[in-house]
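Comments concern the structure below.
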Amino acid sequence: MRMLLFVHLLGASVWVGGHLVLLLGVLPGALRRRDVAAVRAFERRYERVGLPALALQVISGLWLASLWLPPAAWLEPSALARLVQAKLALLGMTALLGVHARLRLIPQLTPQRLPALALHVLLLTLAAVALVWVGSGFRFGGLF
């Protein structure tokens, strides 16, 4: 289980770190200069490691959750089940925002659409950070 947790945390580091770099490092300058090319360049480079990291997180996360709590109990009102439910809800939010950005915003990205993409990146980053916070609840006994 330790190796599985390590793989999960490694994937989280890449996923969260990449979005923080995009949100705080790339987007501010791109928005100021209305520079779509900077965002596209980051996206091309990050996608090669970010998407596999996310896939690794999903697989290892579901596996870890099933070790902590049987899947049949994931919808129960227990503290552990609430953590799993929160992780799944945040994963769903991540998937919806990511698919929308990937299929609708990025292919049609123009300087005028950069603010919409920035909002998506902000929400994705907040979801990623929230996933880390909720994940720490498995070790420390709850969300708060």
Side-chain angles (χ1 to χ4, degrees), residues 1 3-69 71-77 79-140 142-144:
M1 182 146 116
M3 183 58 97
L4 184 60
L5 180 60
F6 173 76
V7 166
H8 188 70
L9 293 174
L10 186 61
S13 298
V14 171
W15 183 253
V16 175
H19 281 85
L20 286 169
V21 167
L22 177 58
L23 179 68
L24 302 174
V26 175
L27 269 176
L31 286 167
R32 254 189 326 277
R33 295 184 308 275
R34 302 174 63 84
D35 183 10
V36 172
V39 174
R40 286 191 191 278
F42 178 86
E43 173 70 20
R44 271 193 305 280
R45 286 190 307 269
Y46 177 67
E47 194 173 70
R48 288 187 295 225
V49 295
L51 291 180
L54 179 61
L56 199 59
Q57 273 189 280
V58 170
I59 293 165
S60 62
L62 292 172
W63 192 352
L64 283 166
S66 70
L67 293 175
W68 279 89
L69 192 67
W74 288 2
L75 298 179
E76 292 179 359
L80 212 49
R82 280 194 296 278
L83 289 171
V84 172
Q85 293 160 15
K87 289 280 250 182
L88 291 172
L90 289 164
L91 177 61
M93 178 180 159
T94 298
L96 289 173
L97 286 166
V99 167
H100 182 260
R102 186 73 188 109
L103 298 180
R104 300 293 303 265
L105 291 176
I106 293 170
Q108 303 166 7
L109 193 58
T110 63
Q112 294 76 23
R113 295 187 80 163
L114 271 175
L117 180 66
L119 176 61
H120 267 67
V121 171
L122 173 64
L123 293 174
L124 272 168
T125 305
L126 290 174
V129 170
L131 281 162
V132 172
W133 177 262
V134 173
S136 72
F138 285 95
R139 172 66 175 93
F140 295 108
L143 290 173
F144 302 100

What distance separates [X] [atom1] from [Y] [atom2], expressed to the nearest 0.5 Å?
X: Leu62; Y: Lys87; atom1: CG; atom2: NZ; answer: 10.0 Å
X: Leu5; Y: Phe138; atom1: CG; atom2: CZ; answer: 11.0 Å
X: Leu83; Y: Trp74; atom1: CG; atom2: CH2; answer: 12.5 Å
X: Leu75; Y: Arg82; atom1: CG; atom2: CZ; answer: 13.0 Å
X: Leu27; Y: Leu122; atom1: CG; atom2: CG; answer: 9.5 Å
X: Leu54; Y: Ile59; atom1: CG; atom2: CD1; answer: 9.5 Å

Mind checking what makes side-chain contact (heavy atoms from CB on, under 4.5 Å) contact with [X], not counting sequence neighbours?
X: Ser13; result: none
X: Ala53; result: Val14
X: Arg44; result: Arg40, Ala41
X: Leu123; result: Met93, Leu97, Leu119

What's the shortest heavy-atom distance between [X] and [Y], and which atoms?
X: Ala73; Y: Ala81; result: O-CB, 3.5 Å
X: Pro111; Y: Pro115; result: O-CD, 3.8 Å
X: Pro28; Y: Leu23; result: CD-O, 3.2 Å
X: Val26; Y: Ala38; result: CG1-O, 4.0 Å
X: Leu91; Y: Leu131; result: N-CD2, 4.3 Å
X: Ala118; Y: Leu31; result: CB-CD1, 4.0 Å

Among residues two or more places apart or on two chains, list those pairs meeting side chain to side chain donor-acceptor pair (under 3.5 Å) that have a residue in [range].
range: residues 100-117; answer: Glu47-Arg102, His100-His120, Gln108-Arg113, Thr110-Gln112
range: residues 89-99; answer: none
range: residues 20-38; answer: none

Qualifying residues under ring pair (Phe, Tyr, Trp, His ring centres under 6.0 Å), relative to Trp63, sequence neighbours excluded: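 Residues passing ring pair (Phe, Tyr, Trp, His ring centres under 6.0 Å) with Trp63: none at all.
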ring-ring contact (aromatic ring centres under 6.0 Å, His included): which pairs involve residues 12-35, sequence neighbours left out?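 Listed by first then second residue: Trp15-His19, His19-Tyr46.
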Determine, step by step, whether Leu124 and Leu22 satisfy the side-chain contact (heavy atoms from CB on, under 4.5 Å) criterion, reporting the C-alpha distance in whole Å, the side-chain angles of both residues, the deciding distance to 0.1 Å, and the verdict. CA-CA 11 Å; Leu124 272 168; Leu22 177 58; over 6 Å; no
